[in-house]
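This one's a predicted model, so the numbers in the text were calculated from it and none came from an experiment.
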Amino acid sequence: MAEAKTHDRSAGGRWIPLESNPEVMTQWAVKAGLVESQAHFEDIYGLDTELLGMVTQPVKAVILLFPATEAHEQRRRDEDTRIAAEGQHPIDPTVFWIKQTISNACGTMALLHALINSDVTFAPESPIEKFIELCKDKTPEERAKILETTPLFANIHADAASGGQTAVPTDLDTDLHFTCFVQAPTPPSRETETPVAPEGMRLIELDGDRAGPIDRGPTTKFLEDVAKFVRNTYVAHTASMHFSMIALCGGPSPE
């Protein structure tokens, strides 16, 4: 599931919406090059402390599927305008972000943002390793063009989209959208290889439909901080129940 109907991505083509399913996402990631023993995706069943405690640690990234209502889209546009005018907390320049230009590709965008910005190992010469190499020293827009034109992920996406638990929709328009949360140190810690204190980590939202990465404040307990932000910023503003959260967790998938 993916892109809101209000978004025009005709320039970059259109993909089949990706299902919010941890098994599908893990299969996608492994086909893209994730070393299977390194990490896997699993469901986050709720935002309460007890349910968050069921998630395998360490959590490296969180992918959120949410209803892209017009009211929410307006809040997002307003925030992008405010950040452009006023700025925000500095974001680690090594954070990898791609501008989305392909319709219904927000699931793949979220997966790429989660995997590339986490300390996981990729197989040499794998699609994701090749993509990272192609994107070196490129702008987010240039990375988007590479994603449009490369065959590295289109087939993986199509296989994953058709391999979920729900049938592939005939209407490829959808009012649901994926975004991703990762953590990164306050700059310039990573560039200078300076040790980072726990209070030096920042919560970063990565959504290819936005104007750029967005700083969501300090984080000392990553999963709990993501859950709090999602509850206050996403869930609180709609009566919709169409939310899903999936964590990228360290280690192989539990049997």
Side-chain angles (χ1 to χ4, degrees), residues 1-22 24-25 28-29 41 43-44 47 61-81 83 96-117 140-141 143-144 147-148 153-154 157-158 160-161 164-166 168-182 203-216 226-227 229-248:
M1 299 180 183
E3 195 76 17
K5 293 179 182 177
T6 54
H7 300 166
D8 181 11
R9 295 283 182 270
S10 55
R14 171 174 287 200
W15 290 2
I16 300 170
L18 194 65
E19 183 176 327
S20 183
N21 178 315
V24 168
M25 289 186 173
W28 186 102
F41 289 94
D43 279 312
I44 299 172
L47 301 177
V62 173
I63 291 175
L64 169 70
L65 180 71
F66 65 93
T69 63
E70 180 51 40
H72 182 79
E73 292 304 296
Q74 185 59 54
R75 286 194 299 273
R76 285 152 58 92
R77 287 191 291 269
D78 292 345
E79 183 177 44
D80 283 344
T81 300
I83 290 174
F96 187 95
W97 180 75
I98 317 165
K99 183 66 179 174
Q100 183 175 344
T101 56
I102 304 171
S103 183
N104 290 339
C106 58
T108 287
M109 303 291 289
L111 284 164
L112 288 171
H113 284 147
L115 291 164
I116 295 174
N117 289 292
E141 291 75 19
R143 294 168 183 168
L147 188 61
E148 285 179 28
F153 300 111
H157 179 99
Q165 296 176 347
T166 56
V168 175
T170 55
D171 179 4
L172 296 184
D173 284 328
T174 173
D175 287 321
L176 300 174
H177 185 71
F178 285 102
T179 189
C180 173
F181 297 91
V182 300
L203 178 61
I204 309 296
E205 182 173 2
L206 301 173
D207 181 346
D209 197 43
R210 303 298 295 269
I214 304 172
D215 181 89
R216 296 306 188 189
V226 172
F229 179 82
V230 169
R231 180 189 293 112
N232 294 341
T233 306
Y234 283 91
V235 178
H237 293 284
T238 178
S240 174
M241 299 298 289
H242 293 139
F243 286 89
S244 174
M245 289 175 66
I246 292 178
L248 174 64

Subject >> Partners meeting ring pair (Phe, Tyr, Trp, His ring centres under 6.0 Å) with Tyr234 (sequence neighbours left out) >> reply: Phe66, His72

**OP:** Quick one: list whatever passes side-chain hydrogen bond (donor to acceptor under 3.5 Å, both in side chains) with Asp215, sequence neighbours left out.
**Re:** Arg202

**OP:** Sequence neighbours left out, what passes salt bridge (Lys or Arg N to Asp or Glu O under 4.0 Å) with Arg210? Give chain and number order.
**Re:** Glu79, Asp80

Subject >> Partner of Val182 under side-chain contact (heavy atoms from CB on, under 4.5 Å), chosen from Leu206, Val62, Leu115 >> reply: Leu206

**OP:** Name all residues meeting the side-chain contact (heavy atoms from CB on, under 4.5 Å) criterion together with Ala247; count only those two or more places apart in sequence or in a different chain, and write none if there are none.
**Re:** Ile44, Val55, Val59, Cys249

Subject >> Residue pair Ala144 / Ile98: nearest heavy atoms and the distance that separates them >> reply: N-CG2, 3.7 Å

Subject >> Counterpart residues, side-chain hydrogen bond (donor to acceptor under 3.5 Å, both in side chains), relative to Asp78 (two or more places apart) >> reply: Gln74

Subject >> Phe178 versus Gly107, closest heavy-atom pair with distance >> reply: CD1-CA, 3.3 Å

Subject >> Side chain proximity check, Trp28 to Thr108, heavy atoms < 4.5 angstrom >> reply: yes

Original post:
Taking only residues two or more places apart in sequence or in another chain, which ones pass side-chain contact (heavy atoms from CB on, under 4.5 Å) with Ala71?
Top reply: Thr69, Arg75

Subject >> All salt bridge (Lys or Arg N to Asp or Glu O under 4.0 Å) counterparts of Asp43, not counting sequence neighbours >> reply: none

Original post:
Using the ring of each side chain (for Trp, its six-membered ring), is His113 parallel, tilted or perpendicular to Trp97, with breaks at 30° and 60°?
Top reply: parallel

